[in-house]
Amino acid sequence: MLDIKVLRDDPEAARQAARKKRMPDRANAVDRALQLDAELRVLTPKLDGMRADQKAGSKEIGKMAPADREAFLGGQKAKKEELKHFEEREKQLKAEIEQALALVPNIPDSEVPDGKDDTENVEVKKHGMVRQFPFAAKAHYEIGEAQGWLDFTRAAELSGSRNYVLFSDLALLQDAVLRFSIDLMVERGFVPVDPPVMVRDPAMFGTGFFPGGEEQTYRCEKDGLNLIGTSEVPVTSLHAGEILSEADLPKKYVARSMCFRREAGTYGKDTRGLYRVHQFQKVEQVVLDIADKARSLEHHAAIVQNAESCLQAFELPYRIVAVCGGDLGVPQAFKYDIETWMPSRNAYGETHSASRFYDYQARRLGLRYRDALGKVRFCHTLNNTVIASPRVLIPLLENHQNPDGTVNVPAALRPYMGGRAVIGKKVF
RNA sequence: GGUGGGGUGGCAGAGUGGCUGAAUGCGGCGGUCUUGAAAACCGCUGUCGGCGGAAGCCGACCGGGGGUUCGAAUCCCCCCCCCACCGCCA
């Protein structure tokens, strides 16, 4: 949520923001919010005056002799009656402003590239050499199925499309990857968190997924709970409604959780293999800190670096792209995606997403802190993937495959794989 | 699912119709004392909005919504949430 003052001061910036994000309907919300706000700002002083007057009368009456009360009472009642409809309008306006404001997207930073979708993201860094295979490289699902590590048929039978079952060494490899990532983050000072994967609506709203993301979310209607699509939701919301002490900041969390996504509207897209699935596990990093842009930028660089460390440890080629306006979500001010090389796609595929929000989420969450001067302010929030599986298994299997279908285990992961340097048997 | 107890300021916890935006304690800030620190003592210390250069003044807010009343944290109704015990299950 943006501060209404930001809209008043520079409404064009907010409209422009929505357009840059290719959300024209949300640009309209700016004007709706402002229009309602203008009415409220006329109404408020008037209402306050009336209330002050009525309140003063009530105080008088308490001190009066009973005989004098009668005459006064009539006047008081009339004032009360008059107040009533103005108060109703006030309540209505406040609710509607809130509603409109919730639709206004965060303003993208000026360095966000212009563009309509992910094809217009801008590469800013490339790391590692793409491997040239002297043999016919297989896709991860070919290797996985041949090794008995992967079963999409039974998964579909059990749970429908976009599901999978991992077996044996691939199940272990997934765990190795996740555990390595957590250990790396703990070493870097992040506090490990095992959060709930079902959350109430305010957490979805506060992090900016609602309104708008309802179609992507599995919901337990009976209980009014939502399955999270990322632990960003519960972890960023951990301190919602609190006023933290500046001494407690920054809060740096690393969470591991199951994630659930309906993937509505993606029919026919990435249907093979492990790329786009309904449930997966993710290690996520979340940072909460004081409202200072420079600090946010530092954290952002650091959380990107953390993800890079993982990919480097896994010996995977990747690149970093600055996400363009049209591919940015509602709450983000800036986002880097990290894409890892996936031979079966003959392309880099998104594996990480590092966002900064400034105070947009914090404002919606009521996430605040008291600064050195005693002033209460909204925090800044950021997050990035550390590793998400099974998607990361795609590059791991494909980049490290041998002609016979066995797969090399990167040195960093061997301690988590019983010391083995190779997994699988000769299958090709 | 059943029964009972609760939701008040950064935290803990008083407060059952006007003198309460809210006692008290803790914490925080400032000061006295000290070579320095601690302790002790003194003072200040809720959030949001409006007007104002400021001091300040006004308004809203005691889980949420509605109601009674000239006046509600306090009374009534509905909802949400938390806790305890029992039952059931893992």
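Chain A is the first sequence line, chain B the second, and so forth, proteins listed ahead of strands; every chain is numbered from 1.
Summarising the geometry, the separation between CD on A:Glu81 and P on B:rC70 is reported as 11 Å, rounded to the nearest angstrom. In this structure, CG of A:Leu244 is placed 13 Å from C1' of B:rC11, rounded to the nearest angstrom. One atom, CZ of A:Arg200, and another, P of B:rG64, lie 16 Å apart when rounded to the nearest Å. Separating the CG atom of A:Leu43 from the C1' atom of B:rG59 is a distance of 12 Å, rounded to the nearest angstrom. At whole-Å resolution of the value, CD in A:Glu87 and C1' in B:rA60 are 10 Å apart. Rounded to an integer number of Å, the gap from A:Leu225 CG to B:rC81 P is 9 Å. As rounded to whole Å, 15 Å separates atom P of B:rG10 from atom CG of A:Asp371. Per the geometry, CG belonging to A:Leu40 stands 15 Å off P belonging to B:rA60, to the nearest Å.
B:rC48 is paired with B:rG59 under the criterion used here, namely a Watson-Crick or G-U wobble arrangement in which both key atom distances are under 3.5 Å. Under the Watson-Crick and G-U wobble criteria, each requiring two contacts below 3.5 Å, nucleotide B:rC29 is paired to B:rG43.
A:Ala56 meets the side chain to side chain contact (heavy atoms under 4.5 Å, CB included) test with no other residue; sequence neighbours excluded. Here A:Asp3 pairs with A:Arg363 under the salt bridge (charged side-chain N to carboxylate O under 4.0 Å, His left out) rule; sequence neighbours left out. Not a single salt bridge (charged side-chain N to carboxylate O under 4.0 Å, His left out) links A:Arg26 to another residue, sequence neighbours left out.
Note: A:Phe334 and A:His300 have perpendicular aromatic rings, judged against thresholds of 30 and 60 degrees for the angle between ring planes.
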For nucleotides 66-69 of chain B, print each protein N/O atom paired with a nucleotide N/O atom at under 3.5 Å, atom names and distance only.
from, atom 1, to, atom 2, distance (Å)
B:rG66, OP1, A:Lys91, NZ, 2.3
B:rU69, O4, A:Lys80, NZ, 3.1

So which protein nitrogen or oxygen atoms get under 3.5 Å of nucleotides 43-48 of chain B's nitrogens or oxygens?
from, atom 1, to, atom 2, distance (Å)
B:rU47, OP1, A:Arg370, NH1, 3.4

Quick test: give all pairs of protein nitrogen or oxygen and nucleotides 50-56 of chain B nitrogen or oxygen below 3.5 Å, distance rounded to 0.1 Å.
from, atom 1, to, atom 2, distance (Å)
B:rG50, OP1, A:Arg41, NH1, 3.4

Going through the checks in order, is the salt bridge (charged side-chain N to carboxylate O under 4.0 Å, His left out) test met by A:Asp10 and A:Arg15? CA-CA 9 Å; A:Asp10 192 355; A:Arg15 284 185 212 110; over 6 Å; no
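Distance check on atom P: B:rC88 versus B:rC82 gives 23 Å, rounded to whole Å. When the P atom is compared between B:rC29 and B:rG46, the two are found 15 Å apart, to the nearest whole Å.
Side-chain nitrogen and oxygen atoms of A:Arg51 include none within less than 4.0 Å of the OP1 or OP2 phosphate oxygen of B:rG49. For the pair A:Lys55 and B:rG18, the criterion of a side-chain N or O lying under 4.0 Å from OP1 or OP2 is not met.
For A:Ser309 and A:Arg188, the side-chain atoms include at least one donor-acceptor pair closer than 3.5 Å.
For the side-chain contact (heavy atoms from CB on, under 4.5 Å) test with A:Arg162, the passing option among A:Gln279, A:Arg262, A:His278 is A:His278; the others fail.
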